[in-house]
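Owing to the predicted nature of the structure, the values given are computational and were not obtained by experimental measurement.
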Amino acid sequence: MRTLPCPSREEAQAYLVRAIETYIHAGIAKGYAATQAEIDSVIAIYDAYDAGLGGPAEILKGGALLQQFRDAIYSGYDFTQAGGKLASVRASLMAGIELCPICGIAPPRQLDHHLPRSDYHALAVYPRNLVPLCQECNHSKSKSAALEPAQQFFHPYFEAVPDTSFLRAGVTIEGGGLVATFDIDPAAPIEALVSSRLSFVLQRLKLNERYAREINIYLTSQATAVRILFDSAGAEGVRSYLLAQADVESREFHLNHWRPVLLRALAAHVGFCGGEFAEVLPA
């Protein structure tokens with residue numbers, strides 16, 4: 001889980017206006033001819049969204065807007081797809097984001113409505129409500145915004161993920177296989193509510209199951225280096241290598257990315273560093 005640069009609001013009104021432009025499709029009138037006052041009402045909702053750091057609130061649903069206007073904004077999001085007139089919105093939000101900010105496994109391929117489009121029509125094309133996520137995270141994330149603080153996802157644009165180690169991995173070697181279980185370290189110097197929210201995300205998105213699918217593939221890439229270092233410098237050589245590689249990957253990704261967390265857990269595993277790696281890594 002990591003923070004992303006907050007998108008500019010410079011084009012937000014222009015995106016809104018384009019999203020609701022009137023047109024005829026199959027003989028049916030689409031879009032909505034909004035007045036400037038109505039546009040201003042949506043911009044005020046954007047202001048309230050920013051002020052509340054993207055948290056759920058009844059005012060953000062735009063209940064005072066005409067239903068036809070809300071429906072037009074809702075439908076306007078479809079224009080952000082490739083080839084649509086708002087495709088530049090998607091392209092700008094995806095630019096430079098190589099991995100999903102929640103799981104850190106797969107590239108982001110979809111835009112998630114942080115506050116779901118189904119309830120918050122007025123925010124359907126607001127860039128700061130659109131977060132690039134991978135398909136699995138987007139599909140696993142609830143389609144409704146939880147009111148319970150401990151069950152609210154972090155807003156990648158407005159909330160800074162704690163800059164301290166909070167994700168930990170427990171490692172065991174069983175039956176010729178390596179089992180790693182990730183959780184939030186109860187001793188981490190973070191607030192109790194933050195810890196609860198992080199634990200909720202870990203559970204809700206089934207990240208332990210998903211990390212398990214990645215671990216063997218990833219460790220295969222480390223097998224040769226681990227074996228060479230063990231032959232030349234023993235357990236301490238393996239331990240030093242794993243810690244050095246963890247530092248490299250922390251800089252490349254972030255401190256609580258699953259890879260450096262796993263490497264540090266392996267470095268602390270006496271058996272793995274002492275030769276038990278041979279049971280789980282390919283020869």
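The nearest pair of heavy atoms linking G176 to V280 is O-CG1, 3.7 Å. Residues T164 and P189 share a closest heavy-atom pair of OG1-CG, 3.6 Å. Minimum heavy-atom separation, M94 to P132: SD-CB, 3.6 Å. Between I190 and L198, the shortest heavy-atom contact is CD1-CD1, 3.9 Å. L4 and P101 make their closest contact through CD1-CG, 3.8 Å (heavy atoms, listed as atom of the first residue, atom of the second, distance). Contact detail for A122 and I45: the closest heavy-atom pair is CB-CD1, 3.9 Å.
A 6.0 Å sphere centred on CD of Q81 holds more than 12 heavy atoms belonging to other residues, nucleotides or ligands. For E148, the CD atom sits in a packed shell: over 12 heavy atoms of surrounding residues, nucleotides or ligands are nearer than 6.0 Å. Atom CD of E98 has 12 or fewer heavy atoms from other residues, nucleotides or ligands within 6.0 Å. Atom CG of D163 has 12 or fewer heavy atoms from other residues, nucleotides or ligands within 6.0 Å. At most 12 non-hydrogen atoms from other residues, nucleotides or ligands lie less than 6.0 angstrom from CD of E10. More than 12 non-hydrogen atoms from other residues, nucleotides or ligands lie less than 6.0 angstrom from CG of L193.
Once rounded to the nearest 0.5 Å, the distance linking SG of C103 with CG of L133 reads 8.5 Å. In this structure, the separation between CG on N216 and OG on S221 is 11.5 Å, given to the nearest 0.5 Å. Residue R210 holds its CZ atom at 10.5 Å from NZ of K206, rounded to the nearest 0.5 Å. Going from atom OG1 of T220 over to atom CD of Q222 covers 9.5 Å, rounded to the nearest 0.5 Å. Distance check, rounded to the nearest 0.5 Å: OG1 of T172 to NE2 of H269 gives 7.0 Å. Note: L111 CG to L130 CG = 5.5 Å, rounded to the nearest 0.5 Å.
Take F154 and apply the ring pair (Phe, Tyr, Trp, His ring centres under 6.0 Å) test, not counting sequence neighbours, and it matches no residue. With sequence neighbours excluded, the residues forming a ring pair (Phe, Tyr, Trp, His ring centres under 6.0 Å) with F277 are F230, listed by chain and number. For Y211, the ring pair (Phe, Tyr, Trp, His ring centres under 6.0 Å) partners are F182, W258, not counting sequence neighbours. In this structure H155 satisfies the ring pair (Phe, Tyr, Trp, His ring centres under 6.0 Å) test together with Y49, H114, Y157, F158, sequence neighbours excluded.
Not one N or O on the side chain of S75 forms a donor-acceptor pair closer than 3.5 Å with the backbone of A72. In terms of modelled atom types and a separation under 3.5 Å, the side chain of R227 and the main chain of L281 share a donor-acceptor contact. At least one donor-acceptor pair closer than 3.5 Å links the side chain of T3 to the backbone N or O of E159. N256 places a side-chain N or O within donor-acceptor distance of the main-chain N or O of F166, the cut-off being under 3.5 Å. In this structure, S92 contributes its side chain and S88 its backbone to a donor-acceptor pair below 3.5 Å. Checking side-chain atoms of T80 against main-chain N and O of Y77 turns up a donor-acceptor pair under 3.5 Å. Side-chain atoms of N208 do not come within 3.5 Å of backbone N or O of T181 as any donor-acceptor pair.
The closest side-chain heavy-atom distance from L123 to H113 is not below 4.5 Å. You'll find the side chain of R109 stays beyond 4.5 Å of the side chain of C134, heavy atoms only. Taking the side chain as every heavy atom from C-beta outward, Y126 and I73 never approach each other to under 4.5 Å. No side-chain heavy atom of Y74 sits under 4.5 Å from any side-chain heavy atom of R70. Between F272 and L266, the closest side-chain pair of non-hydrogen atoms falls below 4.5 Å. Between P56 and L147 there is a side-chain heavy-atom pair separated by less than 4.5 Å. In this structure, C100 and I105 have side chains that are not in contact, with every pair of non-hydrogen atoms separated by 4.5 Å or more. Contact annotation: the side chain of L219 approaches that of L262 to within less than 4.5 Å [non-hydrogen atoms, C-beta and beyond].
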Stepwise salt bridge (Lys or Arg N to Asp or Glu O under 4.0 Å) check, D119 with K61: CA-CA 6 Å; D119 292 330; K61 294 181 179 180; 5.3 Å; no

Mind running salt bridge (Lys or Arg N to Asp or Glu O under 4.0 Å) on R213 and E136 for me, showing each step along the way? CA-CA 13 Å; R213 299 199 299 263; E136 284 203 60; 2.8 Å; yes

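Ion pair R18/E11 not flagged as a salt bridge, since none of the NZ, NE, NH1 or NH2 atoms sits closer than 4.0 Å to an Asp/Glu carboxylate oxygen. A salt bridge does not link R117 to D112: none of the charged side-chain nitrogens sits closer than 4.0 Å to a carboxylate oxygen. Contact check on D183 versus R168 returns a salt bridge, with a Lys/Arg side-chain nitrogen under 4.0 Å from an Asp/Glu carboxylate oxygen.
Cluster annotation: L99 and L167 are assigned to distinct hydrophobic clusters (Ile/Leu/Val/Met/Phe/Trp/Tyr, side-chain heavy-atom contacts under 4.5 Å, transitive). A chain of hydrophobic side-chain contacts below 4.5 Å, direct or via other Ile, Leu, Val, Met, Phe, Trp or Tyr residues, connects I102 to V161. Hydrophobic clustering (ILVMFWY, side-chain heavy atoms < 4.5 Å, transitive): L66 and I39 are in one cluster. When the side chains of ILVMFWY residues are joined at heavy-atom separations under 4.5 Å, either directly or via intervening members, I59 and L16 end up in a single hydrophobic cluster. Residues L263 and F253 do not share a hydrophobic cluster, clusters being chains of Ile/Leu/Val/Met/Phe/Trp/Tyr side chains in contact below 4.5 Å.
For F200 and F153, the distance between ring centers is under 6.0 angstrom. When ring centroids are compared, F69 and H121 stay outside the 6.0 Å threshold.
No side-chain donor-acceptor contact under 3.5 Å links Y46 and Q13.
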Which donor-acceptor pairs under 3.5 Å do side chains of residues 19-34 form with protein atoms, sequence neighbours excluded?
unit_1, atom_1, unit_2, atom_2, d
E21, OE1, K85, NZ, 3.0
Y32, OH, E38, OE1, 3.3
Y32, OH, E38, OE2, 2.6

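Applying the salt bridge (charged side-chain N to carboxylate O under 4.0 Å, His left out) test to every pair with at least one member in residues 232-250, sequence neighbours left out, gives these pairs: E236-R239, D247-R264, E249-R259.
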